[in-house]
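Structure, as C-alpha cells:
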2 protein chains.
Amino acid sequence: MESGDLKKAGLKVTLPRMKVLEILETSNQRHMSAEEVYRALLESGSEVGLATVYRVLTQFESAGLVSRHNFEGGQSVFELQTGHHHDHMVCVKCGRVEEFTNEAIESEQRKIAEEAGHKLVEHSLVLYIECKDCQKS
Amino acid sequence: MESGDLKKAGLKVTLPRMKVLEILETSNQRHMSAEEVYRALLESGSEVGLATVYRVLTQFESAGLVSRHNFEGGQSVFELQTGHHHDHMVCVKCGRVEEFTNEAIESEQRKIAEEAGHKLVEHSLVLYIECKDCQKS
DNA sequence: ATGATGATGAGAAAGCTTCTCATTAATATA
DNA sequence: TATATTAATGAGAAGCTTTCTCATCATCAT
C-alpha cells in the first residue's frame, strides 16, 4: 500500500496518514488499538498526536482502507482491510486474535435476516476462545 | 422472578436490587442500557443512584440473571436471562432489537474453534439490519 | 512561489463506567 | 424484638476511550 491508495480514497497525502499506514503494514500485530498505533508511532520517532491517530483511523475506515472491531474490553481495534471478509476468534486469556471465514455461517445469516423481512447491512461475529497455547498452561 | 432468585444467586435481597429486577421485568423494552434502567427507576419514583444501577446490573450478570451486550454505539445493554441462548439483530436506523436462534450457526462455531485447536468459551453474533419498517420509510 | 484549503496538535471536553468512602440498610444472633 | 456485624448504597470524583475546538501548519493547485 502506498500514497496512491490515499489519493484513491479521496484523502490528501499527508505525513501522519502515511506514517499510520506504515505502522499498520509493518507491525507484527494485525489488530491494533488506536493507543497501540500511537505508541508505535512514537517509538518509530514520529511525532503524531493521539487525536490525529483517531481521526486518521476513522477516515481510513470510512475510506475502506481499514476495518474497526469492537471486541470485549472497551477498546476498538483496527486492521488493514484485506479485501476478503472474515470474522475473528479472540482468546479471552492472552488476547490473541485469529481470523476465519465460513460461508455456511454467512449464508445462514443472510437467510435469517431475510426470513424476518429485514435487510442485512453488516454483521459482527466474534468467537471468544481459550486458545490452544493458553489451554496448556 | 422474585426475591428468592436473588437469594439463590447469593445476593442479599435489597430494595435497589428488587427495583432493578422489577424494571427489567415490566419494561416493554427487553434490552435496556444502564441509563435507561436508571431513568425508568426515577420515573417509577425510586431513588436509586446510577452507580448502584451499574453495580447491580454487573452483579446480576455475574449471577447469570441478566446478560450484557455491547452493540455498536458505545453503550452496553442488558436483558433478563431467559434460559435459552439467542443472538440478536439490531436495526441500524431505529435501534430495534430482535432475537433469533440458529443451531446450524451454533454448531458451525464450535466446529471452527475446535478445528483450530481452541476451546470455544462464548461468542457474540450481531446482525446489523435495516428492519422492515425502516425500509418502507 | 503563493494562496486557498484542509490537516494537525494540544488540551479540553464528552460519554460511559467504575471507584471511594461516609452513611445506611439488611441479616444473624441473643 | 433489639442489637451487632457485615454488606450495600448514594454522591461525587475519577478513569478511560474517544471526539471536539481552534490556532497553527502543511499540502496541493495555480
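Letters A, B, ... are given to chains in the order of the sequence lines, protein chains preceding strands, and every chain is numbered from 1.
- Within the structure, every side-chain polar atom (N or O) of B/Thr58 is placed at least 4.0 Å from both OP1 and OP2 of C/dT17.
- Side-chain contact between A/Lys7 and A/Val13 is present, with at least one heavy-atom pair separated by less than 4.5 Å.
- Phosphate contact (OP1/OP2 of C/dT18, side-chain N/O of B/Tyr54, threshold under 4.0 Å): absent.
- Rounded to an integer number of Å, the gap from CD of A/Gln75 to C1' of D/dT19 is 15 Å.
- When heavy atoms are screened at a 4.0 angstrom cut-off, A/Glu47 is found touching the sugar-phosphate backbone but no base atom.
- We find that CE of A/Met18 is positioned 15 Å from P of D/dA26, with the value rounded to whole Å.
- Residues meeting the salt bridge (charged side-chain N to carboxylate O under 4.0 Å, His left out) test with A/Lys12, sequence neighbours left out: none.
- In this structure, B/Met32 places its CE atom 18 Å from C1' of C/dT17, rounding to the nearest Å.
- D/dA11 atom C1' lies 14 Å from atom CG of B/Leu42, rounded to whole Å.
- Comment: A/Arg96 engages A/Asp133 in a salt bridge, judged by a side-chain N to carboxylate O separation of less than 4.0 angstrom.
- One axis for each end of the helix from C/dA1-D/dT30 to C/dA30-D/dT1, each built from five base pairs, and the angle between them comes to 30° at 10° resolution.
- Using a 4.0 Å heavy-atom cutoff across all strands shown, B/Ser33 reaches no nucleic acid atom at all.
- Annotation: ring pair (Phe, Tyr, Trp, His ring centres under 6.0 Å) contacts involving residues 14-33 of chain A, sequence neighbours excluded, comprise A/His31-A/His88.
- Neither B/Phe78 nor B/Val97 shares a network with the other; the hydrophobic side chains, linked directly or stepwise wherever heavy atoms of I, L, V, M, F, W or Y lie under 4.5 Å apart, form separate groups for each.
- As rounded to whole Å, 14 Å separates atom C1' of C/dC16 from atom OH of B/Tyr38.
- Distance CD (A/Gln59) to C1' (C/dG6): 10 Å, rounded to an integer number of Å.
- Within the structure, the salt bridge (charged side-chain N to carboxylate O under 4.0 Å, His left out) test picks out no pair touching residues 32-45 of chain A (sequence neighbours left out).
- To the nearest 0.5 Å, atom NZ of residue B/Lys111 and atom CG of residue A/Asn102 are 7.5 Å apart.
- For residues 102-130 of chain B, the pairs satisfying ring pair (Phe, Tyr, Trp, His ring centres under 6.0 Å) are B/His85-B/His123, with sequence neighbours left out.
- Between B/Gly10 and B/Leu50, the residue anchored nearer the 5' end of DNA chain D, judged by the nucleotide with its closest heavy atom, is B/Gly10.
- Atom NE2 in A/His69 sits roughly 14 Å away from atom P in D/dT18 (whole-Å rounding).
- Of the possible donor and acceptor atoms, one in the side chain of B/Ser27 sits under 3.5 Å from a partner among the backbone N and O of B/Gln29.
- Atom-to-atom, CG of B/Asn70 to C1' of C/dT17 comes out at 12 Å; the value is rounded to the nearest Å.
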Subject >> Base-contact (B) and sugar-phosphate-only (S) positions in nucleotides 19-29 of chain C, heavy-atom cut-off under 4.0 Å, - elsewhere >> reply: BB-----SS--
